[in-house]
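We count ligands from 1, going down the list as the structure has it; atoms in each ligand are counted the same way. Residues: numbered from 1 along the sequence shown.
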Amino acid sequence: MRAVEFQEYGGPEVLRVVQVETPEPGPGQVTVDAAYAGVNFADLKARAEGYRVGSLPFRPGLEVSGRIRAVGPGVTGLRPGQEVAALVDRGAYAEVVVAEAAAVLPLPAGVDLRTAAALPTVLPTAHALLHEVGRLRAGETVLVHSAAGGVGTVAGQLARAAGAGAVYGVVSSAAKAAHALEHGYDEVFTEDAFTDGVRRATRGRGVDLVLDPVGGDTLRRGLDTLAVFGRLVSFGNASGAPPWQVGQPELYEGGRSVAGFSILSLARSAPEELRRLTERALRTVAEGSVRVPVTAQFPLADAAGAHELMGGRTSTGKLLLRISG
Ligand SMILES: NC(=O)c1ccc[n+]([C@@H]2O[C@H](COP(=O)([O-])OP(=O)(O)OC[C@H]3O[C@@H](n4cnc5c(N)ncnc54)[C@H](OP(=O)(O)O)[C@@H]3O)[C@@H](O)[C@H]2O)c1
């Protein structure tokens, strides 16, 4: 079968199509004949700097949709031919993908394979950030960084559907601002001006919840935008800054909290919890309160094109690789 891998770290050009043996499912696993794979910022971090790689060669890809090809020993409730979406630890850039059965979900009615490939990472992540971790209540205000990207596009809509008092976003360009404003955001700020923007928009009060995938200086400035009893959830480090540390001085004043979330860590430590959370989140798509817009699609062999688009900070919504179907 064909897969896309890299043998060395670098730019999009290190992604190569390779012919490899078709995998078989082990105990508790299934294999999926892939239709589409979603592209995530974590795939770019893996390729460029070895984020979560371990050893080379490495096959990126965290999410896939397709039809179950084979079912491993001990798997119940899934059968060959069934249309599914799955979150995987790695390896979704391939014609056949191995997935843990606990992370495989039959497609809800009305969700097609193309949409399904865009859901397994960003939908449960945005839901967890707002609800399970961020504990958003109706009427509260939210600030989301990287608001026009995959997670950000979903977070804006979910926050609005949850009755947030106002939803603010941070983006790097005017085109991204327009996209965010169409997906749940009331007002959008640029990175250099978001603290002033929040102060003005909230008349000095600050926001109740900040979702931060950037880290570093952005995270520190995000703490300054929190209202009394505000919460900040860290869920990434796009800036590449050294790991942050927050202590007593920043938190005692105003009774602030800082929390964290990683969907891949949760998939390892509490797969059943993640499954329930994903099912809750999927309802919002099946019911139509959230749309996950696919804004560009590339053939598997041109995974580099997708990485170039996202790495150039011009992508909005979700990018997909078309594998078959
Ligand atoms: N913890 C988790 O479970 C989890 C799960 C999924 C994603 N994430 C994180 O969430 C973020 C979004 O992921 P995604 O896959 O949906 O990607 P994405 O948002 O579609 O694309 C990448 C985003 O990163 C921003 N960005 C790129 N380079 C940056 C830089 N040097 N400094 C600051 N921001 C930069 C861009 O926004 P602007 O150009 O507007 O700044 C862009 O929106 C990523 O940081 C990712 O690692 C975390």
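- Remark: Arg231 engages Glu140 in a salt bridge, criterion side-chain N to carboxylate O under 4.0 Å.
- With hydrogens left out, the protein atom closest to atom 47 (O) of ligand 1 is Phe41 CD2, 3.8 Å, a heavy atom.
- Scanning Met310, Arg313, His179 for the heavy atom closest to atom 28 (N) of ligand 1 points to Arg313.
- Ligand 1 is never approached by Thr121 to a heavy-atom distance shorter than 4.0 Å.
- Looking only at heavy atoms of the protein, atom 48 (C) of ligand 1 is closest to Phe235 O, 2.9 Å.
- Counting only heavy atoms of the protein, atom 40 (O) of ligand 1 lies nearest to Ser172 N, 3.1 Å.
- For atom 5 (C) of ligand 1, the closest heavy atom belonging to the protein is Thr125 OG1, 3.4 Å.
- Any N or O atom pair closer than 3.5 Å counts here, and Val39 shares no such pair with ligand 1.
- Electrostatic pairing of Arg200 and Asp196 does not count as a salt bridge here, judged by no charged N lying under 4.0 Å from a carboxylate O.
- When all heavy atoms of Glu8 and Leu56 are compared, the closest pair comes out as CA-CD1, 4.0 Å.
- Salt-bridge formation is detected for the pair Arg276/Glu273: a Lys NZ or Arg NE/NH1/NH2 atom is positioned less than 4.0 Å from an Asp or Glu carboxylate oxygen.
- Side chains of His307 and Arg47: a donor on one and an acceptor on the other come within 3.5 Å.
- Between Ile263 and ligand 1, at least one pair of N/O atoms sits closer than 3.5 Å.
- At a heavy-atom distance under 4.0 Å, atoms from both the backbone and the side chain of Asn40 approach ligand 1.
- Using a 4.0 Å cut-off between charged side-chain N and carboxylate O, Arg69 and Asp33 make a salt bridge.
- Between atom 19 (O) of ligand 1 and the options Ala42, Gly317, Gly216, Gly149, the minimum heavy-atom separation is to Gly149.
- Between Val171 and ligand 1, not a single N/O pair is under 3.5 Å apart.
- Distances below 4.0 Å separate heavy atoms of Gly150 from the following atoms of ligand 1: 16 (O), 18 (P), 19 (O), 20 (O).
- The closest protein non-hydrogen atom to atom 25 (C) of ligand 1 is Ser146 OG, 3.6 Å.
- Put simply, Leu136 and Ile263 are part of the same group of oily side chains (I, L, V, M, F, W, Y) that touch within less than 4.5 Å, one to the next.
- Taking every non-hydrogen atom of Pro213 and a distance limit under 4.0 Å, the qualifying atoms of ligand 1 come out as 10 (O), 11 (C), 45 (O).
- Remark: ligand 1 and Val122 share no N or O pair separated by less than 3.5 Å (distance only, no angle test).
- Contact check on Glu100 versus Arg268 returns no salt bridge, with no Lys/Arg side-chain nitrogen under 4.0 Å from an Asp/Glu carboxylate oxygen.
- Protein heavy atom closest to atom 36 (C) of ligand 1, with residue, atom name and distance, is Lys176 NZ, 3.8 Å.
- Under a 4.0 Å N-O distance rule, the pair Arg52/Asp89 qualifies as a salt bridge.
- Asp208 and Thr141 share a donor-acceptor pair across their side chains, judged by distance under 3.5 Å alone.
- The protein heavy-atom contact nearest to atom 12 (C) of ligand 1 is Val151 CG2, 4.2 Å.
- Shown are Glu132, Arg280, Arg283; of these, the side-chain hydrogen bond (donor to acceptor under 3.5 Å, both in side chains) with His127 is made only by Glu132.
- The closest approach between a heavy atom of Ala148 and any atom of ligand 1 is not below 4.0 Å.
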